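What follows is a single structure, written as structure tokens, with notes after it.
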Amino acid sequence: MTEAVDQPPDLDPLTREAIAWVVRLTSGEATAGDAADLKRWRAQSPAHEDAFRRAAKLWKDFGTAAASLAEEQPVRSARIAPILGRRAFIGGGLTALAASAAYAVVSPPLDLWPSLREFRADYRTAKGEQRHIDISPDVSIELSTLTSLAVRSMAERPRLELIAGEAAITANAVAAGQLIVVAADGEMTAACASFNARCIDGLVCVTCLSGEVEVRQRDQVAALNAGQQISYTSSVFNEVISVDAQETTSWRTGMLVFRNRPLAEVIEEVNRYRPGRIVIANAVLGKRVVNGTFRRDQLGGFIAQVEQLFGAKVTALPAGLTVLS
């Protein structure tokens, strides 16, 4: 299905190129050399500099609208409003960008590109990639998209760290002792079990698929059996609930299943698989409830479906950025 989009009529080619630069630096694929390339691009002429300022203003305009939605969804606000660079870009100079570069490498705004910890991971997947790895004869892992995993130790008690993303982990009678998987400030322990672990935006969610998994965060502990799930953040350790384990791990079969989920959350997940980036600039639209199943390899028509189902206005910008309002 062809996606119908509104193209901003007042954007000249140079401004579109400038927008592409802004989006490039917030795409999750930016490199250290991009900042230097941008500096050279802006220095070509006053027209290039003016175009960049116009692009920054446009970025600010739809970012402000998206921020109103972010304020109403604080747990996931970091991925709703793409504010990267507004402080640096709007001022017009690269000084602020350079000053923030070191911090951005360690803790990138909005997690839009891999952090230093993620670069140090032993295993990483790109957007849309899925990968199976065997850590040892006793431990196998299925990595979902945009996932970073580090092997901290395989002696005595095997110890892994899920730095970011989602993984389905199977421990089959680990000979060296119980497997420990660290995620954020908590950990999972299992000797003979399968479980799904997700660590995104500071929220960790663990679902037991078979066997038994112990989840610990500081002095709080929960034991999960098959079909049970628990989530935690740095400040909250939630109650154990029963879930549909097949739905939780539908990503392993190439499907994305959503049941009574706000559109804003659905788009966050779709952004993890689909090229480009979708941004919601309408709080009411972001709250619309979605029930549906989508093939991971057929997300090209997702925007058209949202437009048709919810009457969303679709605005396409350069570099694969799409704004829904």
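None of the values given here were measured: they were computed from a predicted structure.
The same ILVMFWY cluster, assembled from side-chain heavy atoms under 4.5 Å apart, contains both Val151 and Leu143. Taken together through direct or relayed side-chain contacts under 4.5 Å among Ile, Leu, Val, Met, Phe, Trp and Tyr, Ile180 and Phe195 form parts of separate hydrophobic clusters.
No donor-acceptor pair closer than 3.5 Å links the side chain of Lys127 to the backbone N or O of Thr145. Thr170 places no side-chain N or O within 3.5 Å of a backbone atom of Ser194 that could act as its donor or acceptor partner. Of the possible donor and acceptor atoms, none in the side chain of Ser210 sits under 3.5 Å from a partner among the backbone N and O of Ala226. At least one donor-acceptor pair closer than 3.5 Å links the side chain of Thr147 to the backbone N or O of Glu166.
Contact of the Phe302 side chain with the Ile267 side chain is registered, since non-hydrogen atoms from C-beta on lie closer than 4.5 Å. Annotation: side chain of Leu324 is not in contact with side chain of Asn282 (no heavy-atom distance under 4.5 Å). Counting only heavy atoms from C-beta outward, the side chains of Ser140 and His132 approach each other to under 4.5 Å.
Side-chain atoms of Asn196 and Thr249 form no donor-acceptor pair, as typed in the model, at a separation below 3.5 Å. A donor and an acceptor atom, one from each side chain of Arg296 and Gln130, are located under 3.5 Å apart.
At a threshold of 4.0 Å, the pair Glu214-Arg216 counts as salt-bridged, since one of the basic side-chain nitrogens sits closer than that to a carboxylate oxygen. Using a 4.0 Å cut-off between charged side-chain N and carboxylate O, Arg198 and Glu269 make a salt bridge. Ion pairing between a basic and an acidic side chain is recognised when a charged N comes within 4.0 Å of a carboxylate O; Glu142 and Arg131 show no such pairing.
Annotation: the span from Cys199 atom SG to Ile163 atom CD1 amounts to 9.5 Å, rounded to 0.5 Å. From His48, atom NE2 reaches atom CZ of Arg40 across 13.5 Å, with rounding to the nearest 0.5 Å.
Residues Ala51 and Trp41 come closest through the heavy atom pair CB-CH2, 4.3 Å. Of all the heavy atoms in Gln178 and Pro158, the pair that sits closest is O-CD, 3.6 Å. In this structure, Leu209 and Arg252 approach most closely via the heavy-atom pair CD1-NH1, 4.2 Å. Heavy atoms only, all atoms of each residue included: Asp185 and Ser234 are closest at OD2-CA, 3.6 Å. Across all their heavy atoms, Glu239 and Ile230 have their closest contact at O-CG1, 4.1 Å.
Heavy-atom neighbours of Gln44 CD from other residues, nucleotides or ligands within 6.0 Å: above the threshold of 12. In this structure, Glu247 places its CD atom where more than 12 heavy-atom neighbours from other residues, nucleotides or ligands lie under 6.0 Å away.
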